[in-house]
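Please read the structure below before turning to the comments.
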There are 4 protein chains.
Amino acid sequence: MIRVAVIGATGYAGAELVRILSSHPQVRMTMLTSRQYAGQLFSDVFPPFYKRIDLPLENYDVKKIVAEADLVFMALPHQLPMNMVPELLEGGCRVVDLSADFRFSDPVEYETFYETHRAPELCGESVYGLSEFFKEDISGARLVGNPGCYPTCILLPLLPLVQKQWVDLSHVVCDAKSGVSGAGRGVSLATHYCEIAQGFKAYKVGAHRHRPEIASIIEGVAEQRPAITFVPHLVPTIRGMLATSYLKLKENRTEAEIRECLQQAYKDRPFVRILPEGRFPDLSFVRGTNYCDIALRLDPETGVLILVSAIDNLVKGASGQAIQNMNIMWKLDETMGLDILPPVI
Amino acid sequence: MIRVAVIGATGYAGAELVRILSSHPQVRMTMLTSRQYAGQLFSDVFPPFYKRIDLPLENYDVKKIVAEADLVFMALPHQLPMNMVPELLEGGCRVVDLSADFRFSDPVEYETFYETHRAPELCGESVYGLSEFFKEDISGARLVGNPGCYPTCILLPLLPLVQKQWVDLSHVVCDAKSGVSGAGRGVSLATHYCEIAQGFKAYKVGAHRHRPEIASIIEGVAEQRPAITFVPHLVPTIRGMLATSYLKLKENRTEAEIRECLQQAYKDRPFVRILPEGRFPDLSFVRGTNYCDIALRLDPETGVLILVSAIDNLVKGASGQAIQNMNIMWKLDETMGLDILPPVI
Amino acid sequence: MIRVAVIGATGYAGAELVRILSSHPQVRMTMLTSRQYAGQLFSDVFPPFYKRIDLPLENYDVKKIVAEADLVFMALPHQLPMNMVPELLEGGCRVVDLSADFRFSDPVEYETFYETHRAPELCGESVYGLSEFFKEDISGARLVGNPGCYPTCILLPLLPLVQKQWVDLSHVVCDAKSGVSGAGRGVSLATHYCEIAQGFKAYKVGAHRHRPEIASIIEGVAEQRPAITFVPHLVPTIRGMLATSYLKLKENRTEAEIRECLQQAYKDRPFVRILPEGRFPDLSFVRGTNYCDIALRLDPETGVLILVSAIDNLVKGASGQAIQNMNIMWKLDETMGLDILPPVI
Amino acid sequence: MIRVAVIGATGYAGAELVRILSSHPQVRMTMLTSRQYAGQLFSDVFPPFYKRIDLPLENYDVKKIVAEADLVFMALPHQLPMNMVPELLEGGCRVVDLSADFRFSDPVEYETFYETHRAPELCGESVYGLSEFFKEDISGARLVGNPGCYPTCILLPLLPLVQKQWVDLSHVVCDAKSGVSGAGRGVSLATHYCEIAQGFKAYKVGAHRHRPEIASIIEGVAEQRPAITFVPHLVPTIRGMLATSYLKLKENRTEAEIRECLQQAYKDRPFVRILPEGRFPDLSFVRGTNYCDIALRLDPETGVLILVSAIDNLVKGASGQAIQNMNIMWKLDETMGLDILPPVI
C-alpha cells in the first residue's frame, strides 16, 4: 500500500484527489491537510461524503507527513509548494505537485510569468507530469510537476504532430473553453452563480500563464519556440474543458494520415481516445473521467487543421493525471483506481 | 403606422419579432401566421404573453397579407420563403426575410451550399441586411435578406478592418459559440435539456453554411475571396453568441490604431459598442438587446489580432436586426422599439 | 418629474431599481449611492449598461439627498435603513424601504425575529407595501415597508381567500422555491456556481424570517394568527420564485368559486394574472416582469386547495413593486415604467 | 455470474442500468435490446462509452433471452412489459420491471390509474421492490415491480413513522421536485433546453400517477388509506429528486424521538443516510449514487413534521434500486456494484 498525504484537501482539486484515492486499491490516505478546516472531518466540509469519507482534516505538519507518507500530493495555490517541497523530499517523500511551481525546468522562465522561485535548484530535477509523454521520466521521479489543465488538453492532440515535425509552429491558435470549477473553490463575484449561469466570455485574453507552459513543452520537443495565440473562455458548466486548436502543416498531409499519426501515438495509452471520423468531443462525454477525447478535421477549403480535444479539468486536467502519475511512479497499472465511467447524462 | 405581417410567428425568431414589434410605436401587426398553431392565440402557444399579446395565429394567405400588410417578415426555414416572396413583392409588400434564401446576390453561390433556388431573379435585387454596412441600400430595398447570426457577430468587428485593407485574408480563424436557441424551437435529441445542460461541443466543424455567407460579404468588400476557417460551438445557455476571431494584419498597426478604426466606423451607429481597453464582452451583457459588443487585443507575443464580439442571436442576430432594417426602410429612428436594456443579471 | 435617490444601488435589488427607473418617463435619478463602489460609474460595476446608464455612484450624503430627492429607495441590508430613515423623513423625503426594517407595524414583533429596532416610533406609521392590498394607505404614505419576496408571492393568492374567511388558518403549508439572486450579490460559497448549478435544496427549514412577516399580514386581515409552515428552497436559476401553498377550506367551495373569488379580487389589478383552468405558472413566464401569476387546483381526492404562484423575485418581489408603490404614491398610472414584457424564452 | 438482459437499453434508465451493470463483478450482460437502435453499438448511441461499453443492441427476441439470461431488466414504458413478462417467467427468467405494470398488487387499482392490465394474474405474485422494506419478499421473488422515483423518495422517510402508527394519515402533503431526466429521453418541447433551463414549474398538479402508488403502499402498511396531496415540480437540473413532506403526528413526539425512529429503521441499511441535526439534503449530494438522504425538522411553531429526502431519480429512483433488488434476489451483498461515490461538485 502506498501511504499518501494530500496537502490542501479542501480545494476542488484536493477534494477530487481524496475522492478518487478513497477507491484506489493500493492507497491508504494517512493525512489530509486543510488550513481553513483543520479539526473537522472531510465529510463535514463535503457533505456528499457523509458516511463514506469521514477522515479528519489536519494542519500541515512536515514531521508527521514524512513519518507517515510515501507520496505527497500538493493541491495548493502556486508559491506555497516551493516552500514545502524541499523538506518533504529530504524527508524521503516523493511529491506530485499540482501547482505551477515545478512545471518549468528553467526557473527563470517560471519567474518571467509567475514570481520569484524559492526552490530553483529543484526545477531541473522535476519532471513534467504529462503522463502520456514523459512516462519513463515520471517513473523514476522524486518530484513531478503536474501539468495545468489547459496545457494537458491542448498538448495531447498537438504533441504527436509536433514530434513528426509536421506543424508550422509560427502561427498556432488555441481557443479553449473551461468549466467554472477551473477557477477553484474560493469565493468571488466572478464565480457567483448569477454572474455565470447564462453567460459566456473570454478572459485573460492573450495573457494567461498557461500559454508559456504550453510553449515551453512544445519547445522542448521541437527545439523551436512556437508562437501560440491562446484565449481561454468560461463555459457555464461545473466541470470540463474543450480546446479547439487551429494550425497549418508544413507539408501536405491527408486527414487520414493525421488521424493515423494520432492513433499510433496513443495506441497503447488507455486514457486518450481518438474519435472516429465525423464524431467530435463533448465535454460532457468525459465528465468525471481521466479521458482525453480527440477529434480532428483538415478543413478542405482552407487547409487548416482543426484539432478538438476535451478533458475533465479536475480529473485528467488535475487530480486524475496526478494519480495516473502515482501509478506510473509505483509501477502499477496506469489505470488503477482511474477506470471511471462517465455518466449517461 | 406600418402594417406588418409575421410569417412563421411561433418559431423562436418569429416569436421574438412579435414580442418586440408589440411595443413598437409605429407598427401595427395585422397578421401572424403559423401552420402548426393556426386557430390558437399567440399567448396560447407562448403563455408568458397571456393578457399581453393575445393575437390570433392564422394560416398563410397571400391575398389577405397583400391587402393588409405593408411589410412582411418571413421567419421560416430556408427553401420556403423563395416560393412566397415573389407574389408578396408583386402584391406591393416589402419583405425582410430572416432565412438564408436571399442573402447571396449570386444564386449559384446559394445553390452550392443550399439547394436549388426557385426565385433566382430576385437574388440580385435583394439587399444584405447587415444594418451598419448597407444602410443606404436597405433604405430603398423592396427585399432584404436578413443576415445569419454568426455572420452578424463575426462581420461587425471584421469589416471595418477589411475596408481599410489591413487584414491578411489568406488565413482568418473564427471560433464561434452560440446558445441553444440558435437551433430553433423544433424538438430533437440534440436540444434535449439533459444532453445539453452541462455540455459543450463543436459542431459542423468546418462545414457550417454560414461560412460561405461570411466569405461572400467579405469578398464583396475586399474584392478578394478570404480563407475563413470557421468552427461553431454550442454553449449551454438559452440565448447569446460570442465569436473570437484571429487574424494577422498585412502591415504593422498598434492596438490603439485598430481600436480607433473600429470606433470611427461605429461612432454614429447606436447598436455597436466598442468596449474600453481591458474590458471584454460577455454574452450575458447583451442578452435581450440589439447590441453588438466588440473588444480587441493585439497579442504582443504573436502579433495576432484577437477580436471578440457578442450579440443576442435572436435579437441582433435575427429579429432585432430585422426590425432595425424595417426602421431604416421606413426612415424611422434606427433604434425605435429597439432601445431595450439588458438585464442586471 | 419625481427626483429619486437609490441608496445601495449596486446590490441586485438596487441595480434592478436603477435599470427600471432609467426608463420611467416621470423619474429623474438624482443620486445613486454605493459604499463599495463610490467614485465609479454604475456602468463600470454593471458593464451591460455601458453607454446606457453611465451615472456616477456616490457616498451616502443625507444633506445632498434631502436637497435633491423627493423619494428615496433604500436597497440595503436590514438594520441599516432604520438609522437613516428618520432624518430622510424629517428632511421632507418620502421613503420606500426594501429591507425588513419597516414591514412590521409592531416593533416588538420585529425584534423577536430580527434585532433591536432603532426607530420604533416609525413602525406604526409605515405602510406595508403590498401594492394590491394596501393601495390607499400607500397612496398617502411617507414611509413604505416594501414586502419580502416570499411574502409577496405567498400572500397574493392567499389574502383574497383569507378576507372571505374561507381558509382554515390552523394549518397552512407554504413550500416555496427561489432563484439564486434572492441571496444577493455578496460572495459566499453558498452562491458559488459549482455548488449550485446542478443542485436543489431546502434551507432555513421552518426558520426563515419571512414566515412571521406572512403571518403578521394575515393576522392583520383575519384577526387570527395563522399557523404557517414555511420551507424555502433554492432553485438553480438566476431569477424567479414559485410558491406552492396547501390549505384546507373551512366550508365547501368549488374550484370555480375559488377561481371566481381570485378573479374578482384582481379584476382591476394589472399585475396579477389568474391563469385559466389547467394552466400553471412557470417562473420563466414572469421573468423580468412585475407580474404575479396564480393558478389553483382543489384536489378532488383530498379536498386540499393547492395554490401555485410565481413572481420575479427582483421585480414584483422587490424593485418592481417598490416602483409600483412609487407610482401609487404619486398618483401615476400603476403600470408606468413597469409594463415590461417577459422574454419569449 | 448472473446472466442479464436489459430490455430498452437506450432510454435513460436502461442506459444507466447498462452503465452500472458493466462494473458489477457478478454480472455478465448477455443481451441489450433497443427497438430504435438495433444493429448499432451501445457506444454509438451513447458516445461517452466509446471503447468502454461497445456491446451490440439487438431486437427483442424472447427465445434468445430465455436461453441466455437468468434475469431480465425491463426498462420500457408501461403497458409494454405486461405483454412480455409472462413468457419470460415461463421460460425461467426472473424479472425486475422498472415500469408501473407490476407495482400494484391489485390489478383493479392499476386499471383505475393506468389502462387495462393484460397480465392481471401476475399482480398478486409481483413484489414491490422498495428494497429497504420488502427485502425478504424480494429475495424470493420471480417478479419485482420496481418502485417509481417519487414513491421511493417519499416513502423512505415516511414508512418507518407510519409503521409506528405515529402519523395522522388524514392530511399528508408531499411537495416533490425532480430533475429533467425523469421525463425520459424522448424528445418533446417540454424537455427542450430553452424551455427548461431557467424555469421552474409544477406539473400534473394533484393528478400524477405516483400518488396512488404511494397511497397503496402506505395503505398496505397502515391498513388505512392515507390522504396524500402530491404536487411534483420540475427542477432545471439533469438528475436528482428532492421531496419535502409535511405531516402531523397523532401524538406528541420530540424531534429527537423521530430521528431515533428513522435511525433505528435504517441502521443496517447502507443506502439510507439520516443526516445529523441541522443538515439538510441537496440533490447534488446524492448524484450518481444509490443513496437516499433524509433530514427532518419538527416545526416548533406549528407542530408540523417536515421530512426532506433526496435521491438520484435514475439510480435509487430507478436503475440503482433495480440492481439492489437483483443483489437481494441473488443473495449478494446489497451494495455490490453500487458503492458509487457522489461527485465533489
message: In terms of relative ring orientation, are Tyr193(C) and Tyr193(A) parallel, tilted or perpendicular, with 30° and 60° separating the classes?
response: parallel
Region of Thr191(C) that comes under 4.5 Å of a non-hydrogen atom in chain A: both
message: Rounded at 0.5 Å granularity, tell me how far CD1 in Ile196(C) sits from SG in Cys194(A).
response: 8.5 Å
query: Looking at NE2 of His192(A) and NE2 of His192(C), how far apart are the two atoms once the value is rounded to the nearest 0.5 Å?
result: 11.0 Å
message: So for Ser188(A), is it side chain, backbone, both, or neither that comes closer than 4.5 Å to the heavy atoms of chain C?
response: backbone
message: Is Arg239(A) in contact with chain C via its backbone, its side chain, both, or neither, using a 4.5 Å heavy-atom distance?
response: neither
Gln40(C), CD: over 12 other non-hydrogen atoms inside 6.0 angstrom: yes
- prompt: Nearest heavy-atom pair of Leu189(C) and Val187(A): which atoms, and what distance?
  reply: N-CG1, 3.2 Å
Heavy atoms from other residues, nucleotides or ligands near CZ of Arg279(C) exceed 12 (cutoff 6.0 Å): yes
